[in-house]
J.: 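Let me give you the structure first, and then I'll get to my questions.
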Amino acid sequence: GGSPSDSNPGTEGGEPKRGGTLTIGEDSQPLSGFDPIMAQSFNSKRMVSQFYEGLLALDTDLETLKPALATEWKEVSSTEYEFTLREGVKFHNGETLTVEDVVFSLKRITDPNQHSPYSSLYNFETIEAVGPNTVKITLDRPQASLLHLLAQPWSAGIVDESWMQGKDKDVLKTQANGTGPFKLQSFQEGSLISTVRFDGYWDSERPYLDRVDYRLMADESTRQQALSSGAVDMVQVRLPRNATALGDRGMKVGDGFNLTYWVGLDVSQGPLANDKVRQAISLGLDRKQLIEIGSQGTGELAYTVPPADPLGAPASEDTPFYKHDPERAKQLLAESGVTNVKLKLAIQSENQQSLPTAQLMSEQLKKIGVDLQVQQVPFATLVSNLLSGNWQADMIQLNAALNADASQYLALWFAKGIPSTKVDDQKLWDMMENAISTTDGIEARRTMYKEITDYIATNVYQIVPYASPSQFEVWSPKVQGYQADASGTRLFLKYAWMG
Amino acid sequence: MIGATSSAEASRRDGVTSPGTPLLDIRNLTVAYAQAAPSVQDVTLRVEPGEILGLIGESGSGKSTVAMAALGLLPRDARVTADRFDVCGVDLLSTSSRQLTMLRGSSIAMVFQDAMGALDPCMRVGAQIAEVVKRHQRLKGAACRREVLDLMSRVGLPDPETRARQYPHQLSGGLRQRAAIALALAGKPKILLADEPTTALDVTVQAGILRLFRRIRDELGVGIVLISHDMGVIAQTADRVAVMLDGKVIEQGTVENVLLSPETPYARKLLESAPTLDTAKTRTGADTSDAGVRNSPPDRADLITVAGATRCFRSKGRRVTAVDEVSLTVKQGEVLGVVGESGSGKSTLAKLLVHLDTPDEGALAMEGIEYAKLGSRARRFREAVQMVFQHPAGSLNPRLKVGTSIREPMRSVRAMNRGEAGDRVRELLREVGLPESSEHRLPHEFSGGQKQRIAIARALSCSPRVVILDEPTSALDVSVQAQVLDLLDRVRRQHDLTYVFISHNLAVVRAVSDRVAVMYAGRVVEVGDGETIFANPRHWYTRALLAAVPSTDPRNRDDPTDEAAGVDGRARTPAPVSVDAAACAFATRCPQAQRRCWTEVPSLTVVHGGQQVACHFPHLESTTEPFEDSTTAGGDRTGRVSW
Amino acid sequence: MPQSVTREPSLVSRPRVPRVPVPPAWVRFVLRRVLRGVLVLFALSLLAFGLVHMLPGSPVDTLAGPYSDAATRARLTTDLGLDKPLPVQYVTWLSNTLRGDLGTSVFNGLPVREMIGERLPNTLELAVFATIISVAWGVPAGALSAMRRGRAVDVTARTVTFVGLAIPVFAFGVALVLLFSILFPAWPTLGFVPFSEDAVRNLQSMLLPSIALGLPLGSTLCRFMRSSMLEVYEQDFIRTALATGSTQLQATMRHGLRNAAAPVATVAGLQMAGIVGNSILIENVFAIPGIGQLTVTAITHLDIAVAQACILVLGATYVVLNLAVDLLLPLIDPQIGKDR
Amino acid sequence: MTAVAPGRAGTASRGWWSPVLSVFRSRREAAVGVVLLVTLVVLSMTVSLWTNYSPSEVAGAPFSAPSGAHPLGTDDLGRDYLVRLLTAGQTSLGIAFFAAGIALLVGSAIGIAAGLRGGWLDSVLMAVIDLVLSFPSLLLALSAVTVFSPTKTTLVLVLALIAVPQFARVVRSRCMELREREFVLSARVSGVPDPIIAVKHLVPNVLPLMTVQFANTAAIAILVESSLSYLGLGVQPPDPSWGNMIYASQNYMTDSPWLPLGPAGVLLLASVAWGLIGEGFNSGRRSLI
Ligand SMILES: Nc1ncnc2c1ncn2[C@@H]1O[C@H](COP(=O)(O)OP(=O)(O)OP(=O)(O)O)[C@@H](O)[C@H]1O
Ligand SMILES: Nc1ncnc2c1ncn2[C@@H]1O[C@H](COP(=O)(O)OP(=O)(O)OP(=O)(O)O)[C@@H](O)[C@H]1O
Ligand SMILES: [Mg+2]
Ligand SMILES: [Mg+2]
């Protein structure tokens with residue numbers, strides 16, 4: 001274990017001290033409440049990470065595993081794992097953590113009645129207590145992502161079984177009883193979530209803050225103003241320019257973590273079924289300009305798997321069809337025999353970052369004779385369209401969030417046999433399957449994913465203009481010891497203190 | 001004091017030279033609105049304390065402008081010049097606006113035509129008067145209250161305590177006008193301007209108000225300028241008269257001089273064309289050829305029959321029975337006059353007659369065919385029954401050319417083609433005395449009388465058999481009114497038309513009608529042969545109406561001693577505590593009301609010949625002595641009844 | 001009873017009594033209005049239900065998220081009752097609603113009634129303040145501008161109303177925040193605090209949003225007031241007031257305002273209902289937990305129960321406010337509705 | 001004998017539109033409004049003829065301040081702001097015009113029908129209007145645009161839908177007044193059928209009022225469109241509209257104030273223009289009838 005790396009600018013304030021209230025301006029409240037295994041959106045995960053913990057935890061690189069509720073763990077075989085629990089860990093209500101709680105919590109993830117979106121990521125066969133302090137997990141097939149999943153508070157947060165008994169299934173959406181550093185004090189729907197220090201926290205020094213308040217401020221300029229005027233101490237902003245502007249006014253801006261700006265293609269029909277058209281489109285895009293202007297200079301070339309992911313790999317101009325070449329694009333378009341290419345791109349209406357890039361793409365493609373219509377659609381509708389397979393557009397734009405496992409990025413777009421998948425490529429599916437089940441270590445997996453994403457780029461199954469931070473955490477200089485993390489969920493808030 | 005020439009000239013025009021400072025001294029006043037030609041030109045007027053000056057003239061002659069100028073309330077764009085313009089010794093031309101404000105209400109005050117409009121509808125009557133009392137008499141609290149109540153009873157508002165707490169809409173028209181007068185008197189002004197103060201009122205109420213003016217003058221010694229276009233009003237009230245024409249005063253003098261022996265032809269014409277209650281004979285004399293027809297209506301066939309028609313309205317939660325169980329017949333070829341005060345249901349009845357509206361109860365029929373069952377004969381009906389309205393301006397679409405308006409009924413009812421209709425339009429225009437070229441002009445290019453001619457042409461365009469005329473001349477000046485009445489009469493004879501002639505002007509009705517129906521509160525209270533009814537009214541309301549018509553002869557002024565009791569809107573007879581729904585509507589104002597009147601609605605019964613009356617105790621003996629106005633004079637208030 | 005006949009006459013002339021005894025006019029008036037309101041609400045429930053169910057997509061997809069599998073989503077659909085036929089869903093919802101059960105949010109599991117109950121007061125507070133502000137500037141400015149028609153004041157006021165009517169509320173809000181944070185850095189511009197928690201801070205935090213909503217709306221009122229006032233000025237009682245020695249100001253204050261107020265009050269009432277709807281934007285800008293914001297998020301997230309309930313509640317607010325204005329009007333203008 | 005009634009001079013032109021034209025002549029305000037609006041429209045329509053940039057083309061560095069090359073600077077994507085602003089005018093003015101136009105047609109039809117006929121038709125129509133009114137307009141727009149996808153046609157229809165109730169109410173109450181006027185009554189007495197009464201007698205007399213309401217609606221439509229843009233459901237980019245430009249630029253208010261000021265300014269101009277037209281007709285109303 002240990003504190004975040006020393007390179008963090010936030011740690012320069014000398015000795016941490018206790019006390020103080022941190023007020024955070026949040027862009028939205030937890031969409032699915034506080035239930036860890038339901039948390040999918042940033043806003044839910046951010047809360048869940050303060051209330052709950054998994055058996056393990058992630059270090060600041062989001063790759064190295066640290067002990068958390070389990071002090072030790074052992075891979076007995078590729079399908080068998082054993083965990084030894086930390087002694088004396090308390091839940092917020094004062095009860096002590098037991099093996100039964102762990103077994104209950106893990107089984108709960110895959111319980112069909114819970115509808116957890118994470119259930120399909122696990123290959124659990126059995127989960128059992130093999131000693132007073134030991135839990136054994138048996139898988140029905142090897143799973144590379146297991147430990148990582150167990151280290152995220154949301155995909156494997158441990159809840160209190162006895163407290164849950166007799167309570168409504170939805171109770172966790174509005175109440176919380178975990179082992180995390182902060183406990184829920186009050187939830188005023190729509191305005192304020194107050195949390196206070198959990199005095200019985202096992203990592204006894206921490207957290208330093210007495211209290212963290214989350215105020216809902218949906219409007220970005222409002223959040224900016226609120227931070228500048230001192231009404232809040234920490235916000236996220238979406239537009240890089242706003243982050244820079246706040247930085248110029250003396251605020252601390254967390255590292256942005258580059259996540260993919262995806263443009264999924266419906267290759268099953270229409271002009272995009274023709275691979276020459278797809279290649280032409282990829283070549284027609286001036287990614288440099290997109291990065292420069294669309295991402296306001298914060299982006300980088302990327303594959304389908306985001307660079308911020310531990311398994312992500314950087315792309316380059318040499319990546320197939322990534323170099324801007326309008327002449328070649330026009331030529332390919334002519335060769336394809338498809339004339340008068342008209343395409344519709346659906347983007348998220350809530351995300352202010354989506355639009356500029358989409359507009360630029362439309363403008364660039366116009367130059368090679370492709371008409372790209374941009375349409376803003378509410379996120380909920382967009383996701384529905386995507387999942388139902390009825391896209392209502394030739395292209396769908398989404399931003400990646402950091403996933404527990406790299407396979408998820410691919411599964412979203414290319415998993416075999418689901419309606420949302422528009423490709424029909426057995427080779428791709430085989431590669432994906434291999435990558436999931438390999439347990440050869442992280443380097444090997446990284447290579448496999450690089451190969452897969454390279455393959456996707458070669459076939460232009462998806463267009464990735466760039467990857468850029470989807471949000472920036474910005475906080476006032478009063479806040480010390482804090483470090484932003486790539487998952488954007490404030491995993492390390494317990495190290496922060498008010499200077 | 002003043003230049004010799006103008007002084008001499010003024011005294012010559014005045015006809016009278018009176019001592020003391022005049023309250024109003026205007027010499028050569030000229031007023032022009034914006035860029036227009038002067039609306040008032042070289043007007044010289046003078047009002048002495050305790051004098052009533054009558055100002056007459058047709059609409060637009062500048063009467064109101066003079067009054068407003070005297071108050072200093074002309075719009076900003078009006079330019080005023082005068083040799084002298086003094087109000088109570090203050091020169092209006094050189095006062096500051098502050099002084100002017102002080103002057104208003106305390107030295108000079110005004111009563112406007114529409115009393116409803118002159119009172120703030122959102123404020124209690126007492127409070128409004130108190131406001132002025134406070135401002136000008138500097139009274140407060142109880143003293144102010146006392147003064148308000150005193151004022152109110154002085155202008156004849158009964159039960160001032162209650163009235164003071166009421167809102168204007170809770171008062172009747174007459175009471176409202178009295179309240180407005182109280183308001184004007186509240187600042188103890190020395191001169192009162194009254195701009196058509198009674199035009200909106202019923203004659204019976206008007207008589208009371210006029211008497212009130214005279215009493216105020218006598219009691220308070222104020223000077224009054226009474227503006228009116230009604231000869232009778234002036235004749236009954238004014239001491240001196242000024243006649244205005246096109247912004248100029250063309251004649252001025254004592255009331256007897258001006259009204260009995262007018263010097264200028266215009267004044268003479270003005271006097272001649274005003275119909276009076278005695279004019280019926282002269283008019284009938286004019287059309288000797290038809291005299292026989294007019295005087296023998298009984299053998300005529302029934303054209304339209306109204307049987308027990310009732311029409312109620314709900315407005316703002318209130319239920320108004322506008323027409324209440326009316327039964328009537330309109331006979332072929334006759335002129336049926338309908339009289340009644342404002343709100344008595346005349347227009348509603350007219351709408352029922354032309355089938356613009358349907359009765360809630362009862363039925364109307366034309367030649368035996370019920371309106372409700374017209375069916376395919378609707379078009380024939382529309383052809384046969386036409387209507388002319390009161391406001392000539394309103395009855396023509398301001399956006400349509402005159403020709404189009406006249407052509408409209410022919411095109412829709414007769415389905416005539418363009419050419420035919422065009423010929424007919426020109427023919428009609430000639431017939432009503434307008435140039436053919438009028439066809440291509442818009443209504444606003446015509447005067448009121450011309451518009452009414454167009455409306456008549458329009459009504460005639462489908463060769464109707466019956467024309468309902470709803471106050472067709474009451475918006476017109478007397479001189480124009482005479483022309484229109486002549487036209488109507490000529491047209492009727494030419495086309496053998498039947499008229500239903502609605503008016504609140506008894507003289508006009510008398511001049512044109514064969515038979516007359518008198519309406520009160522939605523009911524027909526008396527019907528009969530015109531001559532008979534005017535000579536021998538049986539219903540107490542008809543009698544009150546006739547008695548209240550002011551005579552245009554200033555020598556026939558009613559006895560001013562009557563006025564002490566001149567209070568209207570008040571029951572003469574004790575009313576029971578709870579008034580039965582079945583009471584006679586007139587009972588509250590009837591000098592003869594008895595117990596039966598409060599419990600039983602009188603129905604129309606034949607008294608004599610064709611005369612029908614709805615009264616339990618009609619006036620039976622035929623009398624020639626002047627009838628005493630029950631409403632306004634009401635000498636015997638205990639209701640002694642001899643039979 | 002001869003006695004009763006000879007009793008002291010009633011001095012007020014008596015109106016004729018209707019033949020059938022009916023409840024007093026105002027009772028019938030209120031009953032009719034209430035009945036109409038209920039009908040409108042019923043139709044609104046149909047409309048709300050229909051529209052919300054027509055929204056493309058399903059809450060299940062948002063709930064389960066893009067990475068979920070089909071089986072999970074199918075189970076969720078069944079659990080939420082979204083697989084039943086629409087009429088059945090409607091009847092269930094309506095009967096629950098009538099029993100006061102507005103359902104629970106599919107996302108955070110909170111009872112909708114609680115969510116609305118917490119937010120509605122904030123929106124109403126905002127609406128009331130905004131109305132006060134709009135009336136406070138719109139009515140006097142309109143009156144003044146009518147009084148000084150064509151003069152500098154009038155021109156200025158009308159120019160301001162044009163600006164007020166031309167700037168989107170949200171942009172105005174953001175500009176206000178900016179301006180305030182520069183001019184008064186200490187002002188708690190953006191920290192909404194519930195009234196129950198700290199009344200002073202609550203009022204402070206409500207000031208800017210109320211201004212942002214109220215000033216533009218005041219422009220409408222100002223225009224209405226001006227034209228209503230000009231109409232009143234043409235009436236005889238103003239002339240009478242002047243003729244009895246009132247100054248222009250006195251005539252305006254004592255007679256003009258109240259008479260011009262009735263139509264303006266109707267507009268203000270309608271506007272207040274409109275504010276509740278338009279609060280969406282301002283609540284977003286000023287981070288006020290109000291019902292407008294809730295409705296928009298519910299619609300965009302497809303939180304069916306919440307969206308339906310919100311639309312219904314907003315509609316009910318409109319109906320109630322309108323009713324209230326109708327019932328209050330007689331206080332301003334005694335001619336309206338009084339018949340006894 | 002009788003003097004010709006005082007009328008406004010110079011109204012000898014023929015047809016029902018002549019009073020409307022004469023209002024322009026006598027109403028400076030309306031004339032100024034029309035000139036302003038026409039200028040805006042002409043500039044918007046001809047923008048492609050006299051500028052070097054296309055509205056969507058990246059013409060310079062993003063966020064450059066106003067300069068000779070870019071009189072209003074450039075936006076977040078480096079597009080020429082002036083060109084975009086004027087191009088947006090086509091969309092915004094067009095949407096406002098069509099929305100107000102449709103609202104005028106539908107609303108007036110409803111208003112006239114209800115006002116002329118009265119009775120049950122009136123009750124039914126007014127109940128429907130009440131229903132639509134009780135649905136907060138922004139929400140109605142929001143849900144409708146979400147349901148039917150935010151195309152320009154949808155926007156026009158939705159904005160029209162919002163405006164219809166107001167139109168219908170105003171026109172109805174006027175028609176109820178007119179219905180009792182003598183010239184309508186005389187037409188009825190002459191057996192003129194209702195549709196013809198509506199067209200020949202009511203419409204010309206309601207026209208000034210409709211013009212006022214049209215102008216108001218057009219002004220409001222631009223605002224509502226911008227509010228929808230704020231919620232991401234207005235005119236879809238890359239088509240610029242004043243609304244979505246204001247929305248997109250409000251984030252940059254601090255650092256690049258010319259970005260929000262530009263569209264807010266033209267919006268104001270257009271609104272003032274519509275407003276002036278409306279006021280012109282409004283104050284002309286009394287003298288018209
Ligand atoms: N405010 C005004 N602006 C312009 N012209 C006006 C104004 N008021 C009156 N006039 C014109 O001045 C002339 C005289 O009007 P005034 O009202 O004094 O006549 P009047 O004798 O009182 O008529 P009526 O009997 O109809 O009341 C008319 O031609 C009228 O059109
Ligand atoms: N459409 C209506 N709605 C409500 N009340 C009405 C309506 N038409 C007439 N009334 C009422 O019915 C009563 C009779 O009105 P009507 O117009 O028939 O009287 P009138 O004798 O023609 O009066 P005037 O001499 O003033 O023209 C009045 O009290 C009036 O207020
Ligand atoms: Mg006059
Ligand atoms: Mg009448």
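Quick note on labels: first sequence line is chain A, next is B, and so on, each numbered from 1.
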J.: More than 12 foreign heavy atoms under 6.0 Å from CZ of C:Phe224: is that the case here?
T.: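 Not more than 12 within 6.0 Å, no.
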J.: Considering non-hydrogen atoms only, spot the tightest contact between B:Arg135 and C:Ser246 and give its length.
T.: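 Looking at all heavy atoms of both residues, the closest pair is NH2-OG, 2.8 Å.
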J.: Between B:Cys122 and C:Asn259, which heavy-atom pair has the shortest distance, and what is it?
T.: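 Residues B:Cys122 and C:Asn259, closest heavy atoms: SG-OD1, 3.2 Å.
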J.: What part of B:Leu193 lies closer than 4.5 angstrom to a heavy atom of chain C: side chain, backbone, both or neither?
T.: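 Neither part, no heavy atoms under 4.5 Å.
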J.: Output the distance between atom OG1 (C:Thr247) and atom CZ (B:Arg104), rounded to the nearest 0.5 Å.
T.: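 Between C:Thr247 OG1 and B:Arg104 CZ, I get 9.5 Å after rounding to 0.5 Å.
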J.: Give, for atom CD of B:Glu131 and atom OG1 of C:Thr244, the distance between the pair rounded to the nearest 0.5 Å.
T.: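 With rounding to 0.5 Å, CD (B:Glu131) is 6.5 Å from OG1 (C:Thr244).
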J.: Calculate, to the nearest 0.5 Å, the distance between atoms CZ and CE belonging to C:Arg239 and B:Met110 respectively.
T.: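 If I round to the nearest 0.5 Å, the distance is 6.0 Å.
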J.: What's the spacing between B:Asp120 CG and C:Ile238 CD1 if we round to 0.5 Å?
T.: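 Taking CG in B:Asp120 and CD1 in C:Ile238, the distance rounds to 7.0 Å.
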J.: Let me know if B:Leu119 has heavy atoms under 4.5 Å from chain C in its side chain, its backbone, both or neither.
T.: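 B:Leu119 touches chain C through backbone heavy atoms alone.
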J.: Distance from C:Leu249 atom CG to B:Thr101 atom OG1, nearest 0.5 Å?
T.: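 Between atom CG of C:Leu249 and atom OG1 of B:Thr101 there are 11.5 Å.
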J.: Can you tell me which of C:Gln248, C:Gln250, C:Arg254 forms the most heavy-atom pairs within a distance under 4.5 Å of chain B?
T.: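 Counting heavy-atom pairs under 4.5 Å, the top option is C:Arg254.
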